[in-house]
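Keep in mind that this is a model prediction, so the values were computed, not measured.
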2 protein chains.
Amino acid sequence: MDSQGSFPLGPSSLTEALYESVRKRIVNGEIAPGEKLTEVRIASEYNVARPTAKACLERLTALGLLRRSVHKTAVVPKLGEDEIRDLYFSRETVERAAVAALARRGVVPPAAVRAQAAMKAAATDMAFESQVEADIAFHSALVAGVGSRRLSRMHEVILGEVHLTMGQFQAHRTTHPMNVAHEHDAILKAIEDADPEAAQQRLTHHLDQAQDRLIGQLRREGGAVEEPPEEAPA
Amino acid sequence: MDSQGSFPLGPSSLTEALYESVRKRIVNGEIAPGEKLTEVRIASEYNVARPTAKACLERLTALGLLRRSVHKTAVVPKLGEDEIRDLYFSRETVERAAVAALARRGVVPPAAVRAQAAMKAAATDMAFESQVEADIAFHSALVAGVGSRRLSRMHEVILGEVHLTMGQFQAHRTTHPMNVAHEHDAILKAIEDADPEAAQQRLTHHLDQAQDRLIGQLRREGGAVEEPPEEAPA
DNA sequence: TCATGAATACTTGCCTGACAATTCTGCGCG
DNA sequence: CGCGCAGAATTGTCAGGCAAGTATTCATGA
């Protein structure tokens, strides 16, 4: 049958384009959590060789967007309560350091205010996914504004999992986007005032609320299975 | 032609063993900074197929232990002053969060005191590389003690680059290992006393000193070339 | 009927071999 | 002495294949 060759690839290098496309499909929830992603499936869907698909799955696994152990099929994970707490603990660690550094300088990254504007514009009429992306762009710009390549890299990985988790709760959004927009404003204000303590405190408040919303949704609906830690660190 | 097959592989899976071996050779400075690592070289040295070697280089590149852009050979990087500052900024971010969390609980991870004991034992007579490894084990245990998988993962990446940089200055060590041992003790003491502020303050002092030592050595000897940032973040 | 064990299909780990595209190197020419 | 160009070196991607491990199904025995 002709079950292959329907997902178009982006512009850049083949591996890169494949990676980006699969990544998007995962974080958008287009590929459901728990769904299995075999190498041959990716290979045939995109008309690429199996090694290429393999490399793609390995990259996604390294980023935490897929889980797999040896000789087993990769599945997109569904984070349980503990995992979400761990994720947000790490996220707070990175972003607190970022806003503190920014506030110490007292300069707000231009990209952050741009993202914030886009967020407000998307608040009323745009699709949920657009709001999520605007929110992520804001936090991403905040960290990028520090100018630390390594901090940004760590944050990128974390935001990947955050995006994934938010995408999985897409259907039942209960958040008012204007609320988070106001919280964003408060953070920017504190940075502008060169007040590191306040900036950190407001960021923590913001993230704690987001975490609570996620965990609340998780408890309400599919409490489902919590996967065990896949690997005991030596 | 018997020009191949001289580096023995470890016990585990082939890819894993290959990765570990090459990683060790890099962080130990056995492969000099600036040296080029081609896929075929690795493949022939270890008697593995080129795709296997390729995967290995890709993993090391993702960890920051190698640098390469498309179609160019991977080289082991030599961190410049700015890079070292960035590295230690990220390191402080992660480790400060770790010791604060530990101090809030008031419990010292047993693995950390074990590593600390090993460090003191190695202080006088053992080789420099053993001291470095004991030091790294101590900080690693500190972060692992928090129990956050994601924090540990971030830290692991950072320590990889730290290890690499320390290994490159192997010859000209000027540090008295007992000094750093005492600083470690002070950190543990603050954690035990459940004093997060003190723990963070002492950790910062410890890391700042280490950073200054590294930068001092860098300035003294090969100021050399500082490689430009390989990629402009979007 | 239900539980247990064996055979089969599926999937991944790793290999050989090959071709195209790109980058690097050295040589000759203006 | 600078410049461009051909050849070499290196990587990106593919095809095909075998071995090994995992999951599933089916048949057999209690």
Self-check item: 5' priority, DNA chain D, between H71(B) and K36(A) [closest heavy atom]
Solution: H71(B)
Figure out the [atom1]/[atom2] separation between [X] and [N], and round it to whole Å.
| X | N | atom1 | atom2 | result |
| --- | --- | --- | --- | --- |
| E39(B) | dA9(D) | CD | C1' | 12 Å |
| R68(A) | dG21(D) | CZ | P | 17 Å |
| L14(B) | dA19(D) | CG | P | 17 Å |
| I42(B) | dT11(D) | CD1 | P | 10 Å |

Quiz item: Want to settle it: does L37(A) or V70(B) sit nearer the 5' end of DNA chain C, counting the closest nucleotide to each?
Solution: L37(A)
Practice problem: Kindly say whether, by distance alone, the side chain of R50(B) makes a donor-acceptor pair under 3.5 Å with the base of dG12(D)? | Solution: yes
Practice problem: Indicate the ring-plane relationship of H184(A) and F138(A), choosing parallel, tilted or perpendicular according to the 30° and 60° boundaries. | Solution: parallel
Practice problem: With the side chain of K72(A) defined as its heavy atoms from C-beta on, choose the nearest nucleotide among dT22(D), dT13(D), dT11(D). | Solution: dT22(D)
Self-check item: Candidate nucleotides dT22(D), dT13(D), dC14(D), ranked by approach to the side chain of V48(A) - the nearest
Solution: dC14(D)
Practice problem: Walk along DNA chain C from 5' to 3' and tell me the first and last nucleotide with an atom closer than 4.0 Å to a non-hydrogen atom of chain B. | Solution: dC14(C) to dC24(C)
Self-check item: Exercise: do H163(B) and Q168(B) side chains pair donor with acceptor under 3.5 Å
Solution: no
Quiz item: Is it true that H155(B) and H139(B) have ring centroids separated by less than 6.0 Å?
Solution: no
Exercise. Answer yes or no: is there a side-chain heavy-atom contact under 4.5 Å between L159(A) and R91(A)?
Key: yes
Quiz item: Any chance CD of E156(A) has more than 12 other-residue heavy atoms, nucleotides or ligands included, within less than 6.0 Å?
Solution: no
Exercise. Starting from the C-alpha separation in whole Å, work towards a yes-or-no answer on side chain to side chain contact (heavy atoms under 4.5 Å, CB included) for V132(A) and I136(A).
Key: CA-CA 6 Å; V132(A) 170; I136(A) 288 194; 4.2 Å; yes
